[in-house]
Amino acid sequence: MSRVLDHCEAAGRRHIRFRDLAADVLGSGWAFYLMVAVQGAINVGVTIGSILLAGNSLQIMYTSLVPDGPLKLYHFIIAVASVLALLSQMPSFHSLRYINLVSLVLSVGYTILVSAACIRAGLSSNAPAKDYSLSTSKSEKTFDAFLSVSILAAAFGNGILPEIQATLVPPAAGKMVKALVINYSVAFFTFYPLAITGYWAFGKTVQSNAIQSLMPNAGPSVAPRWLLCLTVVLVLFQLLAIALLYAQVVYEVMEKRVADATRGRFSWRNLLPRVAMRTFYVALCAVDVALAAFVAAALPFFGEIVGVIGAVGYIPLDFILPVVMYNMVVSPPRRSVVYVANVAIMVLFTGLGVIGAVASVRKLVLNAGRFKLFNDHVV
C-alpha cells in the first residue's frame, strides 16, 4: 500500500484517503463502489458497536454495584451516545492525537489487569474446571480454524488505514512500515496475553469477552470487584476513543460538501454545520444501536460477530485490495516473484474470507440454540 501511495505521489497525485486512492487505481467502476461500501460499513459498524459495548460496560459496573437497580441497557446507551456527541466535535484526526495516546495506555492497562485477574482466577482455590480438549470432529476443527483466521484479520487488519498513515511526511513507504511494526507489536501484546491467560484459566469455556468469564452469571466473581470495575472503566474509555477514530472518516465524507476551507475550523460558518451533522450522525448510530442491542441480546456471540466483520470487511479491504492495486500501479513483470506472490496472496485471502464468513455464520447458528434469547447482556 505504501508503495502504491508513493507511486501515485511521484506522478503528482497525493492521496490521504483510501477511497481516493482506489478511485485513482481502480477507476469509478463496481470495484471502487464495493470498496467504499465495505469501508463505510466497517466505520459505521465500529461506531455502532462501540456505543453498544460501552453502554454494556456501564451496565456491568452498575449491576455489580446496584444488583436490583431499575436502569436498563438502553439508558446507558443514551448516556454513551450523549458523551460521544460532545467529544465528536473535535474537528480532525490531528485533534485526536492525545486521545489516541490515552487509548494506547488504556489498552495496555486493560491487558495487564485482565491477564492478572485470569492468572489469579486460575490459581484460586475455587478455580473453575479446565477443559482443554478439542472437538473430535475434523470438520468442526477446520471451521473453527477459519473462524480464528477471520478474528485475527479483524484484530490486525485495522493498522493499514491510509486515512491515518498517508498523512505522514513523504515518502510514506519506510514510515508506514515502521508504523505497522509498532502497531502489530502493540496489538500482539494487548491480544495474546489475554488469550493465553484466559484459555489457561478457563479452558475452552472461556468467553470471547474475558470479563464475562471473570463475572459469571451463576456464582461469585473470581476476581476482586475493584479490579473488575476498574477494568470496565478502561474498556469504556477505550471504546469511546475507538468510536471517535472510526467516525472521523464518516465525518469527513459528510462535511466535504458543506465546509468552507477558506474559513477557520471554529468559525460559525464551519462550526454550526459540524455540530449539527456530527450530532445527527451519533444520534442516528444510537438509534441503530437499539436494533444492534436487540440482535446482540438475541445472539450474544461477540467472537463470531467479530469473525464475520473480519471475513467480509478487513480481509478484502486490507489483505486483498492492497496487492491488487500494487500489481496494477507498480506493474511488476508477470513472471516475477513479486507479481506471482501478490496473486497467490489475493487468491489465498479470497478463499479465507469466503470460508471464514461461512464458518462465522455457521458458529452463530450452532451456538444460538444454547442461549436464552433476549437477555440483558452483550457477550
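Computed over heavy atoms, backbone and side chain alike; hydrogens, waters and symmetry mates excluded. This is a predicted model, so every value here is computed, not measured. For this chain, numbers begin at 1 and follow the sequence in order.
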- Interatomic spacing from CG in Leu152 to CD1 in Ile315 - rounded to 0.5 Å: 9.5 Å
- Message: Side chains of Val312 and Val38, heavy atoms from C-beta outward: is any pair under 4.5 Å?
- Response: no
- Message: Ignoring hydrogens, what is the shortest heavy-atom contact between Ser139 and Ser137? Give both atom names and the distance.
- Response: OG-OG, 2.9 Å
- Item | Over all atoms of both residues, closest heavy-atom pair of Cys118 and Ala201 | O-CB, 3.2 Å
- Message: Grouping I, L, V, M, F, W and Y whenever their side-chain heavy atoms are under 4.5 Å apart, do Val330 and Ile345 come out in a common cluster?
- Response: yes
- Message: Using the rule that Ile, Leu, Val, Met, Phe, Trp and Tyr join whenever any side-chain heavy atoms are under 4.5 Å apart, tell me whether Leu236 and Trp226 fall into a single cluster.
- Response: yes
- Task: Determine the minimum heavy-atom distance between Tyr339 and Pro332, stating which atoms define it.
- Result: CD1-O, 3.8 Å
- Query: Same cluster or not: are Phe143 and Phe146 linked, directly or through other Ile, Leu, Val, Met, Phe, Trp or Tyr residues, by side-chain heavy atoms under 4.5 angstrom apart?
  - Reply: no
- Message: What's the separation between atom CE in Met325 and atom CD1 in Ile320, rounded to the nearest 0.5 Å?
- Response: 11.5 Å
- Query: Would you say Val340 and Arg335 make side-chain contact, with heavy atoms under 4.5 Å?
  - Reply: no
- Note on the structure: Between the CD atom in Gln238 and the OG1 atom in Thr231, the distance rounded to the nearest 0.5 Å is 13.0 Å
- Item | Heavy atoms of other groups near Lys204 NZ, more than 12 under 6.0 Å | yes
- Query: Is any side-chain heavy atom of Asp24 less than 4.5 Å from a side-chain heavy atom of Asp20?
  - Reply: no
- To the nearest 0.5 Å, how far apart are CG in Asn327 and CE in Met346? 7.5 Å
- Item | Validation row: Thr190, Tyr110 side chains within 4.5 angstrom (heavy atoms) | no
- Message: For residues Val66 and Leu230: do they belong to one hydrophobic cluster (side chain heavy atoms under 4.5 Å, members Ile, Leu, Val, Met, Phe, Trp, Tyr)?
- Response: yes
- To the nearest 0.5 Å, what is the distance between CD1 (Ile119) and CD1 (Ile196)? 10.0 Å
- For Thr205 and Phe202, indicate whether the former's side chain and the latter's backbone hold a donor-acceptor pair under 3.5 Å. yes
- Message: Using 30° and 60° as the class boundaries, would you call the ring planes of Phe319 and Phe349 parallel, tilted or perpendicular?
- Response: parallel
- Message: Ignoring hydrogens, what is the shortest heavy-atom contact between Leu239 and Ala54? Give both atom names and the distance.
- Response: CD1-N, 3.3 Å
- Message: As a quick check of understanding, evaluate side-chain contact (heavy atoms from CB on, under 4.5 Å) for Val102 and Phe237, giving each step before the final call.
- Response: CA-CA 9 Å; Val102 172; Phe237 288 114; over 6 Å; no
- Shortest non-hydrogen separation from Leu227 to Leu113 and the atoms involved: CD2-O, 3.8 Å
- Is the count of non-hydrogen atoms from other residues, nucleotides or ligands lying under 6.0 Å from Phe189 atom CZ greater than 12? yes
- Do Phe191 and Thr111 have side-chain heavy atoms sitting under 4.5 Å apart? no
- Quick one: does Pro70's side chain get under 4.5 Å of His75's, heavy atoms only? no
- Distance from Glu9 atom CD to Leu21 atom CG, nearest 0.5 Å? 11.5 Å
- Message: Between Tyr132 (side chain only) and Trp200 (backbone N and O only), is there a donor and an acceptor less than 3.5 Å apart?
- Response: yes
- Message: Working note: Leu26 + Met328, criterion side-chain contact (heavy atoms from CB on, under 4.5 Å); need CA distance, chi angles, decisive distance, verdict.
- Response: CA-CA 8 Å; Leu26 303 176; Met328 293 178 65; 3.7 Å; yes
- Item | Within 6.0 Å of OH in Tyr199, more than 12 heavy atoms from elsewhere | yes
- Nearest heavy-atom pair of Ala357 and Ala311: which atoms, and what distance? N-CB, 3.4 Å
- Determine, using the 4.5 Å side-chain heavy-atom cutoff (strictly less than), whether Leu234 and Ile112 are members of one ILVMFWY cluster. no
